[in-house]
Amino acid sequence: MRHKTKPFHYIIIYAIVLFFVAISVYPVLRVITISLRPGDNLLTRSLRIIPEDATFENYIKLFTNEPFLLWVRNSVLVTITVTIIGVVLASMAGYAFSRHKFPGRKLGLHSLLITQMFPATMLLLPLYIMISKLGLINSFLGLIIMYSATALPFCIWLMKGYYDTIPPSLEEAANVDGASKFTAFYKVILPLAAPALVIAALFSFMTAWNEYIIAAQVLWYEDMFTIPLGLKSFQGNMTTEWGLYAAGAIVISIPVVALFLFLSKWLVSGLTLGSVKE
Amino acid sequence: MFTNLKSLICNSKLTLYLFLLPAIMMVMVFAIYPLLYNFSLSVHEVTSSTLLSEDRPFVGLNNYKEVILEPDFIEILRNTLVFSIFSVLFQFLFGLAFALFFHQEFPLHKPLRGLLLIGWVIPPAVIGTIWRWLFNCDIGVINYFLNMIGIGSVGWLVTQTFAMSSVLVANIWFAIPFNMILMTSGLVSIPNSIHDAAAIDGTTFFQKLWHIIIPMIKPNIYATIILDIIYTFRSFPLIWNMTKGGPVNATTVLPVWSYIQSFNFFNFGAGTAIAVIILLLLLIISIIYIKFFVGKEEGVL
C-alpha cells in the first residue's frame, strides 16, 4: 500500500484520522486539564483544555508535601530489578527452549502458556499465603518476585519465538571457529536478538510499573508504596484529591511515553521478526 | 584445571540446564505452584481463620457446586461472554483498520499514528478512573455533548442498561493500540514487490485486502486474537476501577466475582473455585480455537 495518495483524497483521510486521534487523545488531555485546575475543582464542565486559572499547584504539592518522591524511588527500584530479572532469565531460558530438544520441553512451553491464562489477580491469594509464610510481607523482595514470575512466561515465549528465526548455522560457525557454546550465545546470538530483548524489557517494565492490586496486598506502609498504589491512596473514602491524582497520573505516564518514543524504532521490528516463521 | 572446568561448563549439556534453571525455578515456585495451590484451596473449606494454617477440612467439589448453583452465576457468565466477545471483535477490527490505514503514506502519518497509541502508556488503573469521569452523569463530558445536541443526561455507569456498554467502550478504547501494533508488525512483513504486483494487475483495495493481505498476515491475526481472548476474558483492573462490578451485577465478570468473593466476603473457597473455572473455560476456548482455526500451522504463538 505504499502508493502515492491522490491530493483529492487528503481531505477525507484527514477528517477520519483527526476524528479518531481526537477520541484517543481526548481522555488523556482531560487528565492534564484536571491536573492543572486549582484546588479540587473537578466539578466544572468547562471544556477548556488549559483552564483559565491554570496552575502547577498540584504538581508542586505532589513533589513537596506528599511522600511522592519516596514512591517514585520505590517504583524505580522495583521496576528496574524486575526488568533486569525478566530480560536476563528470559533471554537464557528462551534460548534453551529454542535450540535444544530436551525431555519435558513441550510440557514446559505449554505450562508457561497456561500460567498466562490465570489472571495475576487470581494468584493473589495463594501468593499472599506463600509470601507471608516466607516472611516477605512488606518487603520489596516479595513484590519483585511476584512481578518477575508474572512477566517471565510471556518474555520466555517471546525470546524463544525470536531465536527460532535466527538460523542455528550462525552458532555452528562460531563453534567451528573455536567459540564455546556460551560465547556463541553471548557474542553472536544475543546482539541479533536485540529487538526481542527490547520488547521483553518493555513488557517487564510495564508489568511492574503499572501494577497496584498485588502491591496493595504486599505493601502495608505508606512509605513503601509504589506510585500506582500511592495514587490509589488519594482516592479516599470521603474525599478524593482529584487534582493530585491527575497530576500523579501524568507523572507516572511520562517515563513510559519516553521509553516508547526512545524504543519505537525497535518495537515494530521486534514484534515482526518474532512472528514470521519459515 | 580451571580451563578444564570452564570448558566443561561451557560446552556440555550443563550449559543448557544452567540457562534453564533460574527461569524455570522462578516460574515453578512463584507461578505454577501458586496455581496448583489455588486449586488445592478450591477443594478445601477456607475461612479467614484457617487461611494461614494447614488445618483446612477437605470438602471435595462443594465450593464449585456452591458457585455454580448460585443464582447469579448464569448472569455473571453471560456478562463475561458478552464483555469478551464484543471487546475482542471491536478491538481487533479497529486495530486492523487503523493499522491498514496508517500503513499508507500521507504527510504526518507517523506522528498521528503515535498519538493513536497513547492509550497504551496510561496505567489501566488510571484509565478506569478517566473513563469514570467521562461517563459521569453530572460532570461527564459525554453527557455534556449529548445535552448539546438536545439529548438528556444518561446515567452511564449507574444504570443496569448502560453500564456494560460503557465498560465495553472503555475496554475497547484501551485495547485498540495493542491490536494496532501487532497488526502493523504483520503488515510491514509483506514485501513491497507484492503490493507492486497487485497494483500492476489493477486489483481493487478490497480484493487486495481479502486475497493478498489477510492471507499473508494470517499467523499474526491468529496470534493477536488468541492473546485478545486471554487478556479480555481475565481482565480485571479496568472494570474494578469503573464500576466494581455494579450496579447490582450488571458488569460483574468472572474475575471481578472471584475477587469480590475472596477479598470482600472472605469466602476464599468460592473465590478460588471461580479462578479455576476461569482457567478451565479459557483452556477449552483456546483448544477449540487452535483446533478449529489454526489447525496444523505450527508456531503461531
Side-chain angles (χ1 to χ4, degrees), chain A residues 1-3 5 13 17 20-21 24-25 27-28 30-31 42-43 45 89-90 92-93 95-96 100 102 111-112 115-119 121-123 125-127 129-130 132 145-146 148-149 152-153 156-157 164 180-182 210 212-213 228 232 249 252-253 256-257 260 268 271-272 275-277, chain B residues 10-11 15-16 19-20 22-24 26-27 30-32 34-35 37-38 41 51-52 103-106 112 115-116 118-119 121-126 130 133-134 139 144 181-182 184-185 188-189 192 195 199 219-220 223 230 234 236-237 255 258-259 262 268 271-272 275 279 282-283 299 301:
Chain A
M1 251 185 301
R2 302 224 162 264
H3 55 78
T5 314
I13 289 183
V17 170
F20 282 109
V21 166
S24 10
V25 173
V28 181
R30 192 81 187 154
V31 187
L42 177 76
L43 302 163
R45 279 184 125 179
L89 297 194
M92 289 162 50
Y95 185 71
H100 299 279
F102 52 89
S111 317
L112 288 176
T115 63
Q116 291 299 288
M117 297 183 185
F118 216 67
T121 35
M122 310 284 109
L123 289 181
L125 193 63
L127 273 174
I129 298 174
M130 285 172 67
S132 62
I145 288 174
M146 283 163 99
S148 306
L152 258 180
I156 296 176
W157 264 96
D164 283 349
S180 72
K181 280 212 164 101
F182 184 75
N210 288 341
Y212 76 92
I213 292 163
K232 200 72 202 146
I252 194 181
S253 307
V256 188
V257 175
F260 265 84
V268 168
L271 285 165
T272 314
S275 58
V276 175
K277 297 288 167 74
Chain B
C10 288
N11 281 316
T15 322
L16 157 71
F19 268 40
L20 275 175
I24 292 301
M26 189 103 181
V27 173
F30 293 102
I32 293 174
L35 210 146
Y37 196 51
N38 181 92
L41 288 174
L51 188 59
L52 290 177
H103 199 53
Q104 304 176 91
E105 301 223 332
F106 52 89
L112 287 172
L115 283 175
L116 271 183
I118 201 158
V121 303
I122 312 281
V126 174
I130 297 177
W133 291 341
L134 298 178
I139 57 160
Y144 182 87
I181 289 186
L182 288 183
T184 302
S185 72
V188 296
S189 68
N192 280 336
H195 293 303
N220 300 69
I230 292 174
R234 46 166 250 193
F236 170 79
S258 163
Y259 187 89
S262 285
F268 300 111
T272 48
L279 177 69
L282 261 180
L283 265 180
L301 280 174

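Please read these numbers as outputs of a predicted model, since none were measured by experiment. Within every chain, numbering begins at 1; the chains are lettered A, B, ... in the order of the sequence lines, protein sequences first and strands thereafter.
- When all heavy atoms of A/Leu125 and B/Ser262 are compared, the pair lying nearest together is CD2-OG, 4.2 Å.
- Between B/Leu20 and A/Phe102, some side-chain heavy-atom pair lies under the 4.5 Å cut-off.
- For A/Met130, the part sitting under 4.5 Å from any heavy atom of chain B is the side chain, from C-beta outward, and nothing else.
- For chain A, the nearby parts of B/Leu115 are the backbone and the side chain; heavy atoms of each come within less than 4.5 Å.
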- Item | From CA spacing to verdict: side chain to side chain contact (heavy atoms under 4.5 Å, CB included), B/Phe30, A/Leu152 | CA-CA 10 Å; B/Phe30 293 102; A/Leu152 258 180; over 6 Å; no
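- Remark: A/Ile213 CD1 to B/Tyr259 OH distance equals 6.0 Å, nearest 0.5 Å.
- Only the side chain of B/Ile230 comes within less than 4.5 Å of a heavy atom of chain A; its backbone N, CA, C and O stay farther away.
- Here B/Pro34 is the residue among B/Pro34, B/Pro22, B/Gly271 with the most heavy-atom pairs under 4.5 Å with chain A.
- When heavy atoms are compared at a cutoff of 4.5 Å, B/Leu41 approaches chain A solely by way of its side chain, counted from C-beta outward.
- For B/Leu116, the parts lying under 4.5 angstrom from a heavy atom of chain A are both the backbone and the side chain.
- Summarising the geometry, atom OG belonging to A/Ser24 is positioned 8.0 Å from atom CD1 belonging to B/Ile118; distances are rounded to the nearest 0.5 Å.
- Looking at heavy atoms from C-beta onward, B/Pro123 lies in side-chain contact with A/Ile252 at the 4.5 angstrom threshold.
- The CE atom of A/Met92 lies 10.5 Å from the CG atom of B/Leu16; values are rounded to the nearest 0.5 Å.
- Of the two parts of A/Pro228, neither the backbone nor the side chain holds a non-hydrogen atom closer than 4.5 Å to a non-hydrogen atom of chain B.
- With hydrogens and angles ignored, the 3.5 Å screen pairs a side-chain donor or acceptor of B/Arg234 with a backbone N or O of A/Gln116.
- The aromatic rings of B/Phe19 and A/Tyr95 sit tilted relative to each other, their planes meeting at an angle between 30° and 60°.
- The CG atom of A/Leu127 sits 9.5 Å away from atom CG of B/Asn38, with the distance rounded to the nearest 0.5 Å.
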